[in-house]
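Here is the structure we will look at.
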Amino acid sequence: MLQALGIFQRATPDQLWKLTRPENQHDKLTRDNLLDLEDHQLVRIESVQDDQRQVWVLTKRGHGEAKRLLEPKGIRVSALRKQEYDPVTGELLGTGYDDHAAAVTSTAAELHRAGIGHRLGFQTEVAHRLGNGYVQRADLVVRAPAAGVPVLLLEIDRRTEDADDLVHKLRRYWEWGRLLAPGADKYTADLVRSRPDAIAGIDHEKRLWRRVYPPTGQEGLAPVAFVFADTTDTKVDNTVKVLEEAGRRYWAPRRYETYYREAITAKDYSQAVPVVFTTLEQLQEHGADAAVWRRLGRASEQKLTAALDNPDGDALYRRQYAQAEAEEKRQRATDREVRRPVCKRCGQRFTDQRWEETTMHSQVPKAGDLSVCETCRADDIAREKAAAEAARLQTTTPPEPEHDHDQESGKLRGLFHRRT
């Protein structure tokens, strides 16, 4: 109870019930705890609203206890609500619980009730300082990694701001997400200073926002949610149209710059601010864990984690790229087979080795008949070798000796010669 009031400064019993004991069916136990803390001078009732809601705040003693509980955890404690009285009328000053502050606390209460964030995971009025010194303050920041929402920056709007003002807020969150972290190397710092668009090529781990918030598990910058309260559906629709049109540069994904441009429909969300919106009335009626969130650029409402997801983003890109690469490889193989030469003698297709022999300039002189395949070329070589061997044998075998016909004839004559 003290921790919740230390963070949110003021709250009603209903809000404190959802922030501290959401598993209870009603706020009776919360009211009893508040009365007990009041007895110990740790809390007090600051005001009673027109609808009879009590607004509770910390006393000075309770504020000190909240500091002791929160500051060691690195959680900033809200300012103490002092009891100050009008010197003339004696009335207690500063008792108004403005509707915007109430809507911020109610939004946190509904998120916590749905299991999105621990009460110590909420911060209010969180500053984001831009390069020009301007400070953009988020009404509420929630860190709920267990619920699949590592960080979410929330702007609560009761339609007291013009739609164009919300576009400017979105622009400032986008600009803040593009700031380099302190200590960047000189080359990177000089590059971004001379060419601001070069920040798109700088990894998010080197940017300021990643020093402040954890990785989101999705592409893009820290996500932003607009929660509209005490307004009409028509006003919400009109505001969203302005956000989608005038703020497109900040929330919309880009096309991937890739060789397979025609085959890839995935979107590049790496430089975009994921923006979702809902109404406080929907959160209270259906719960923050219901399908009450809509992402800018989408037509239907989803659960928060689904709305923040990018099903047509990087994961789809990797699949489509792999498919396109494989398809191109198959097409190249098909085209290569179409061009593969056919043997003019036997009709067989050339092997890769034979194809290379007949086309590479350095091997053509030794390739023989360029129109025949490797097998037929081997037959030609075998025939050439056989013919060469036959010719060699013919030149190295000596001729058979010829008989002396006359000498043999003389010998016969000597045998039968008649002496005279």
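For reference, positions follow the sequence shown, starting with 1.
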Can you confirm whether [X] sits close enough to [Y] that some side-chain heavy atom of one is under 4.5 Å from a side-chain heavy atom of the other?
X: Val57; Y: Gln9; answer: no
X: Leu2; Y: Leu58; answer: yes
X: Asp139; Y: Glu125; answer: yes
X: Gln123; Y: Arg143; answer: yes

- Task: Keeping to residues at least two apart or across chains, list the salt bridge (Lys or Arg N to Asp or Glu O under 4.0 Å) pairs with something in residues 185-195.
- Result: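 Passing the test, one end in residues 185-195: Lys186-Asp190, Asp190-Arg193.
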- Sequence neighbours excluded, every pair satisfying salt bridge (Lys or Arg N to Asp or Glu O under 4.0 Å) that has a member inside residues 316-327: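 Applying salt bridge (Lys or Arg N to Asp or Glu O under 4.0 Å) to every pair that reaches into residues 316-327, excluding sequence neighbours, yields Asp314-Arg318, Glu327-Arg330.
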- Message: As a quick check of understanding, evaluate side-chain hydrogen bond (donor to acceptor under 3.5 Å, both in side chains) for His26 and Trp17, giving each step before the final call.
- Response: CA-CA 7 Å; His26 46 71; Trp17 156 47; over 6 Å; no
Within the distance-only criterion (no hydrogens, no angle test), does the side chain of [X] pair as donor or acceptor with the backbone N or O of [Y] below 3.5 angstrom?
X: Glu301; Y: Arg294; answer: no
X: Gln320; Y: Thr265; answer: yes
X: Gln15; Y: Ala102; answer: yes
X: Arg298; Y: Ala307; answer: yes
X: Arg349; Y: Arg340; answer: yes
X: Arg210; Y: Tyr213; answer: yes
X: Trp56; Y: Pro13; answer: no
X: Arg354; Y: Ala367; answer: yes

Can you tell whether the side chains of [X] and [Y] come within less than 4.0 Å, N to carboxylate O?
X: Arg383; Y: Asp380; result: yes
X: Glu161; Y: Lys169; result: yes
X: Asp289; Y: Arg113; result: no

- Task: Can you sort out the partners of Phe277 under ring pair (Phe, Tyr, Trp, His ring centres under 6.0 Å), two or more places apart, ordered by chain and number?
- Result: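 None.
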- Message: Under a plain distance cut-off of 3.5 Å, with no hydrogens placed, do Thr12 and Asp14 share a side-chain donor-acceptor pair?
- Response: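 Judged by distance alone, the side chains do not pair up.
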- Query: Is there a donor in the side chain of Gln302 and an acceptor in the side chain of Ser300, or the other way round, less than 3.5 Å apart?
  - Reply: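 No, because no side-chain N or O of Gln302 sits under 3.5 Å from a partner of the opposite role on Ser300.
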Residues which pass side-chain contact (heavy atoms from CB on, under 4.5 Å) with [X], listed by chain and number, not counting sequence neighbours:
X: Ala246; value: Val167, Val242
X: Pro150; value: Pro214
X: Asp237; value: none

Over all atoms of both residues, closest heavy-atom pair of [X] and [Y]:
X: Tyr260; Y: Ala324; answer: CG-CB, 3.7 Å
X: Leu5; Y: Ser78; answer: O-OG, 3.7 Å
X: Val151; Y: Pro223; answer: O-CG, 3.2 Å
X: Leu34; Y: Val43; answer: O-CG2, 3.5 Å
X: Ile7; Y: Thr124; answer: O-OG1, 3.5 Å
X: Ile199; Y: Arg207; answer: O-NH2, 2.9 Å

Among all residues two or more places apart in sequence or in another chain, which pass the side-chain hydrogen bond (donor to acceptor under 3.5 Å, both in side chains) test with [X]?
X: Glu257; value: none
X: Asp369; value: Ser371
X: Asn310; value: Glu219, Arg295
X: Lys28; value: Asp32

Residues 173-181, side-chain donor-acceptor partners within the protein, below 3.5 Å, at least two apart:
residue : atom : partner : partner atom : Å
Tyr173  : OH   : Glu155  : OE2          : 2.5
Trp174  : NE1  : Gln271  : O            : 3.1
Glu175  : OE1  : Arg171  : NH1          : 3.3
Glu175  : OE2  : Arg171  : NH1          : 3.1

Side-chain donor-acceptor distances from residues 226-236 under 3.5 Å, at least two apart:
residue : atom : partner : partner atom : Å
Asp230  : OD2  : Arg158  : NE           : 2.9
Asp230  : OD2  : Arg158  : NH2          : 3.4
Thr232  : OG1  : Lys235  : N            : 3.2

